[in-house]
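Structure record follows, encoded as C-alpha cells.
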Amino acid sequence: MKSCSGKYKRKHLRPSNELSEEWKSPHATQLQGKAKREIKQAQQCGGNKKRADFQGNGNVLLDGTRICFQEFERKDKPEERTAEEDEGDDCLLGSVDEFWWFPHMWSHMQPHLFHNESSLVEQMMLNKKFALEHGIPTDMGYAVSPHHSGVYPVHVQLYEAWKKVWNIKITSTEEYPHLKPARYRRGFIHKNIMVLPRQTCGLFTHTIFYKEYPGGPKELDKSIQGGELFFTVVLNPISIFMTHLSNYGNDRLGLYTFVNLANFVQKWTNLHLQTLPPLQLAHKYFELFPEQKDPLWQNPCDDKRHRDIWSKEKTCDRLPKFLVVGPQKTGTTALYLFLVMHPSILSNSPSPKTFEEVQFFNRNNYHRGIDWYMDFFPIPSNVTSDFLFEKSANYFHSEDAPKRAASLVPKAKIITILIDPSDRAYSWYQHQRSHEDPAALKFSFYEVISAGAHAPSELRALQKRCLVPGWYASHLERWLVYFPPFQLLIIDGQQLRTDPAPVMEEVQKFLGVSPHYNYSEALTFDSHKGFWCQLLEEGKTKCLGKSKGRKYPPMDSDSRAFLSSYYRDRNVELAKLLHKLGQPLPSWLRQELQKVR
Ligand SMILES: Nc1ncnc2c1ncn2[C@@H]1O[C@H](COP(=O)(O)OS(=O)(=O)O)[C@@H](OP(=O)(O)O)[C@H]1O
C-alpha cells in the first residue's frame, strides 16, 4: 500500500514468530470462516512487514467465535518508511476485502483537543478521503478513539462528528465508568452510538517483545493459562480487547497472546468462542445487558485519567453545589426566589421549556449529556465561595434522580420541602387544571384521588401523578441510599410559607454559605399577595407570579378525610424516618399522627 498515511485503522490478524505449535494445530482450524481466512491472509502479508506499526483490537464473544481487530497506521512521511513497510502495505491493500476496516484518527489526534465539531469533521475527512482513494471500505460503523479521548467522558463533538463523517454506530472504551477495576466496566448508548466496554489484555505500546514482557514472559503465559486474561474471557460473555500495533510489527506478541488464549479456553472450558461484526456484537451486548443502555454520568474531574482527556475548554466548575429537589407544590419556587437573593448563591439560566427548572436528572434531558447540563450554569467567579444550585421539583419522587445526581455531584447537598401531602396533592390538582390538563378539567378532585383499579386510564395516570409524590418516606429513603443524612436538609414547608426568615437562616447554616445574609430584613409579608416576598427599594416588593399562591376553593371534607386515611401509614413511616434522622416533626405531621391514635 503506497500511502496508508495517517491513522487509518484496519482489522488485521498477523501470526507471531513466537507462536506456539497449538496455533498450527487442528484447534486453530476451529476458528471459523472469515476469521480463519483473515489470519491466513495476514500471515502472507505479515511476512513482509516486520517493522510495520500495528495495533490490534479483538472482540471475543464467548458462546461463539473469536476475532481480533487490529489497527493499521502508516507513518506520515514517506522517508520514514521502509521499502518493506510499503510492500507490506501493498499486500494488505491487495487483500482489502479480507479485512474489517475501521477508522481511528488522522495522525492519532485526540478528539477532545478539538473544541469545534467542524474542525474535528475536517480531520476525520482526511482519513475518509484516504480510505476512499484506496478502495478501503468505510462502512463498518465501528471506530476507536486514540487514548479513549472523547468517548468517556463524552466529548459530544466527537459523537456528532463520528456520525457525520463515518456514520459510526459502535465504539469501545476502557474508561467507563473507570479504568479500574476492569470487572466493573460497563457499556452505554449515547446519541445512538453504542459504547461497549473494552477489557485490558496487558499488551501496551511499550510491551513489544515476548522476552521483554514486564516481569518476564512467564507472567504473560500465566495470565493466558488460567490467570487474569483467561478469567477476563471466562467471566465476560463478551470481551473486547485492543492491543498495540507494535506488538504485531515486532514479534507479534498480540497474536501469540490471543491465539494461545483462545486455544487455552477451548481446551479447558466448554465455552465456544465466537466472533461477530461490531454492529451485531453491540446489539448482542445490549440484549444481554439492557440495563446498561442508560449511561451514568460522572464528574470528569474526579478521575485523573478522565480529566486528562477532558477538553481544556471545558470546566467542571459549572456544576451545582446543591439541589432543591421538591416535591412539587411545596413552596420550591419561593425557596428558589429567596436563595437567589443571597450574594453568593447562583442558579442556572432558565430553560426555554421548563423555565427555572432544568429537569436534568429525572428524565430524558439526562441523555443530552453533561455539556448540555453545564451550559445552564454560569462560570463561578470564585469556585470556593460561589454556590451554584438548581431546583427541579420533580426530582424528589424520580426513581432515577438520586442515583444520577449522586454519580455526577456526589458531594452536593440536597434540600427538600415537605407540606401535608394531602394539601400538596390538592395544590397539584389545581395546578393541572390551570394548565388545562384535560383529565384534571374532566374529573373532580375526589374522583381523581379515589379512582379505583378499573377507572379510565387517563384518570388512573392523573391519580398516580397526583398522589405518588406524597409518599414522602419512600422517596426520602431512596435519596438516603445515595446521599448521607448530613447532606440532606428537610424543610418544613408550612414554616417556609408563614415565617421564612428562620428557615433561610437554617438553610444558610446547612449550606455553609457566606457572607451571612439577613433575610429578616430582606423579606416582607405582602398583604396583597398574601405571601412573603422580597423587599425592594422604596418599600416595593417582588413576589412570585400568579401561578404561585393561586386562589381556589378549600379542599372538600370528603377528599380531606380520604387523603388523611390514604397517607396515614406513609405518614407514620415518615415520622419514624424523621425520628431516626434526629429531625423535628413538622406541625402538620404531628396533627396527622394524633388522628392515628
Ligand atoms: N412566598 C410564597 N409565595 C408564593 N407561594 C408560596 C410562597 N411560599 C409558599 N408558597 C406555596 O408554594 C406553592 C407552589 O409550590 P412550588 O413553587 O413548589 O410549585 S411548583 O412545583 O414549582 O409548581 C404555592 O401553592 P398554591 O398555593 O397551591 O399555588 C404556595 O402555597
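Just so you know, ligand 1 is whichever comes first in the structure, and atom 1 is the first atom listed for that ligand. No experiment lies behind these values; they were computed from the predicted model shown.
Using a 4.0 Å cut-off between heavy atoms, Y552 contacts ligand 1 through its side chain alone, with no backbone atom that close. The residue E356 has no part lying near ligand 1, judged by heavy-atom distances below 4.0 Å.
Annotation: L496 places no N or O atom under 3.5 Å from an N or O atom of ligand 1; distance criterion only. Considering backbone and side-chain N/O atoms, K529 never comes within less than 3.5 Å of an N/O atom of ligand 1. Note: an N/O pair closer than 3.5 Å links R497 and ligand 1 by distance alone.
In this structure the side chain of L563 reaches within 4.5 angstrom of the side chain of M555, judged on heavy atoms.
In the displayed structure, K542 atom NZ is contacted under 6.0 Å by at most 12 heavy atoms of other residues, nucleotides or ligands. Heavy-atom neighbours of N192 CG from other residues, nucleotides or ligands within 6.0 Å: at or below the threshold of 12.
Residues R460 and Q463 bring a donor and an acceptor atom of their side chains to less than 3.5 Å of each other.
Looking only at distances, a side-chain donor or acceptor of W532 sits under 3.5 Å from a matching main-chain atom of T498. Side-chain atoms of S398 come within 3.5 Å of backbone N or O of D400 as a donor-acceptor pair.
Salt bridge status for R478 with E399: present, with a side-chain N to carboxylate O gap under 4.0 Å.
The protein non-hydrogen atom at the shortest distance from atom 13 (C) of ligand 1 is G331 N, 4.0 Å. Taking atom 17 (O) of ligand 1 as the reference point, the nearest protein heavy-atom neighbour is T333 OG1, 2.5 Å. Looking only at protein heavy atoms, the nearest one to atom 25 (O) of ligand 1 is S427 OG, 3.6 Å. In this structure, the protein non-hydrogen atom closest to atom 18 (O) of ligand 1 is T332 OG1, 2.6 Å. Closest to atom 24 (C) of ligand 1, if we only count protein heavy atoms, is G549 N, 3.6 Å. Among protein heavy atoms, the minimum distance from atom 1 (N) of ligand 1 is reached at W532 O, 2.9 Å.
Put simply, the residue from N365, N364, D371 that forms a side-chain hydrogen bond (donor to acceptor under 3.5 Å, both in side chains) with R368 is N365. Checking each of R363, E390, R404, H475 against Y395 for a side-chain hydrogen bond (donor to acceptor under 3.5 Å, both in side chains) leaves exactly one that passes, namely E390.
Residue K548 holds the heavy atom nearest to atom 20 (S) of ligand 1 of all those in R424, K548, K551, Q328. Ranked by closest heavy atom to atom 10 (N) of ligand 1, the top entry among F531, Y429, Y426 is F531.
Residue contacts with ligand 1: K329 is included, with a non-hydrogen atom under 4.0 Å away.
Against a heavy-atom cut-off of under 4.0 Å, L544 is close to the following atoms of ligand 1: 3 (N), 4 (C). Listed by number with element, the atoms of ligand 1 under 4.0 angstrom from any heavy atom of K391 are 22 (O). Numbered from 1 in the order shown, with element, the atoms of ligand 1 that lie under 4.0 Å from a heavy atom of A334 read 1 (N), 2 (C), 7 (C), 8 (N).
For K304, the side chain to side chain donor-acceptor pair (under 3.5 Å) test picks out D308, with sequence neighbours left out.
Sorted by first and then second residue, the salt bridge (charged side-chain N to carboxylate O under 4.0 Å, His left out) pairs involving residues 328-338 (not counting sequence neighbours) form an empty list.
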